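Just so it is clear, the structure is predicted and the values come from calculations on it, not from any experiment. What you see below is based on every heavy atom in this structure, not just the backbone, and it leaves out hydrogens, waters and symmetry mates.
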Amino acid sequence: MGKLSAPPPRLGTLPSRIGRAPASEIERSRQRDREKPWRAWYKTARWQKLRAKVLKRDGYICQKTGIALVGKYPAPNSATVDHVIPHRGDPALFWDENNLEAVSKKYHDTVKQSLERRGHG
């Protein structure tokens, strides 16, 4: 009796629609910088000065939870300056001091990100 063989595949191979995953966190960050050029604004002296001004104005207190922002990044109680209305690359919203507030990293990375993903500023 002869050996059975599998029939040839009937479907061709499709190219990936997702692309390849970045190999490292550094590569992921560089990829995001290429896709969203406004991310470079966070690396400017102007942003650092504005961020410090907002943290001082808000007394290093999370404006959503009331906890003291005394932790060192990436601690949950480290300071993050958040855009109340997401700027999505709009320079007027990005640089508007009245659109910024001090929040904890934990709040920003959980509650705020969840709200933004659901379409709530």
Side-chain angles (χ1 to χ4, degrees):
M1 188 154 51
K3 280 177 114 180
L4 293 176
S5 61
R10 295 166 83 187
L11 299 174
T13 305
L14 296 174
S16 172
R17 291 175 51 190
I18 323 174
R20 67 178 190 84
S24 68
E25 187 59 33
I26 292 170
E27 185 181 329
R28 179 177 175 266
S29 183
R30 286 183 183 143
Q31 180 179 348
R32 291 172 66 201
D33 287 347
R34 284 190 302 274
E35 293 168 1
K36 298 179 179 170
W38 50 261
R39 286 175 44 94
W41 297 342
Y42 288 107
K43 297 176 180 128
T44 64
R46 181 181 176 191
W47 170 255
Q48 293 303 318
K49 187 176 177 182
L50 182 58
R51 180 182 185 277
K53 186 176 180 181
V54 170
L55 290 171
K56 186 175 180 181
R57 177 198 71 197
D58 291 348
Y60 284 83
I61 300 294
C62 177
Q63 300 302 293
K64 297 299 183 183
T65 64
I67 69 161
L69 302 174
V70 295
K72 183 175 168 118
Y73 180 85
N77 64 342
S78 61
T80 299
V81 172
D82 182 49
H83 292 87
V84 178
I85 300 169
H87 62 86
R88 292 182 171 73
D90 178 344
L93 282 174
F94 185 91
W95 297 109
D96 181 4
E97 183 180 337
N98 296 317
N99 187 40
L100 297 170
E101 65 183 352
V103 296
S104 68
K105 178 170 175 24
K106 181 178 180 181
Y107 174 85
H108 181 267
D109 293 356
T110 56
V111 179
K112 177 66 181 213
Q113 295 295 316
S114 174
L115 289 169
E116 286 186 11
R117 279 192 293 272
R118 291 183 289 163
H120 306 287

Q. Of the non-hydrogen atoms in G89 and W41, which two are nearest, and what is the gap between them?
A. O-CH2, 3.4 Å

Q. Could you walk me through whether W95 and R46 pass the side chain to side chain contact (heavy atoms under 4.5 Å, CB included) check?
A. CA-CA 9 Å; W95 297 109; R46 181 181 176 191; 3.5 Å; yes

Q) CG of L100 to CG of D58: how many Å apart, nearest 0.5 Å? A) 9.0 Å

Q. How far apart are the closest heavy atoms of S104 and N77, and which atoms are they?
A. CB-CA, 4.4 Å

Q | Side-chain donor/acceptor of K112 to backbone N/O of V84, under 3.5 Å | A | yes

Q | N/O donor-acceptor pair under 3.5 Å between N99 side chain and L93 backbone | A | yes

Q | Straight-line distance of K106 NZ to T65 OG1, nearest 0.5 Å | A | 9.0 Å

Q) Can you name the closest pair of heavy atoms from A102 and L69 and give their distance? A) CB-CD1, 3.8 Å

Taking only distance into account, with no hydrogens and no angle test, what donor-acceptor pairs under 3.5 Å do side-chain atoms of residues 47-56 form with protein atoms, sequence neighbours excluded?
residue: Q48; atom: NE2; partner: Y42; partner atom: O; Å: 3.4
residue: R51; atom: NH2; partner: A79; partner atom: O; Å: 2.9
residue: K53; atom: NZ; partner: E97; partner atom: OE1; Å: 3.2

(Q) Could you report the tightest heavy-atom contact between K72 and S78, atom names first, then the distance? (A) C-CB, 3.8 Å

Q.
Quick check for you: to the nearest 0.5 Å, what is the distance between K36 atom NZ and Q31 atom CD?
A. 10.5 Å

Q | Contacts of type ring-ring contact (aromatic ring centres under 6.0 Å, His included), residue H87, not counting sequence neighbours | A | W38, H83, F94

(Q) Nearest 0.5 angstrom please: E27 CD to E25 CD, how far? (A) 10.5 Å

Q) Which heavy-atom pair separates H108 from D82 by the least distance, and what is that distance? A) CD2-OD1, 3.3 Å

**Q.** ILVMFWY cluster, Y60 and V70 together (side-chain gap under 4.5 Å)
**A.** no

Q: Decide if atom CZ of R39 counts as having more than 12 heavy atoms of other residues, nucleotides or ligands within a radius under 6.0 Å.
A: yes

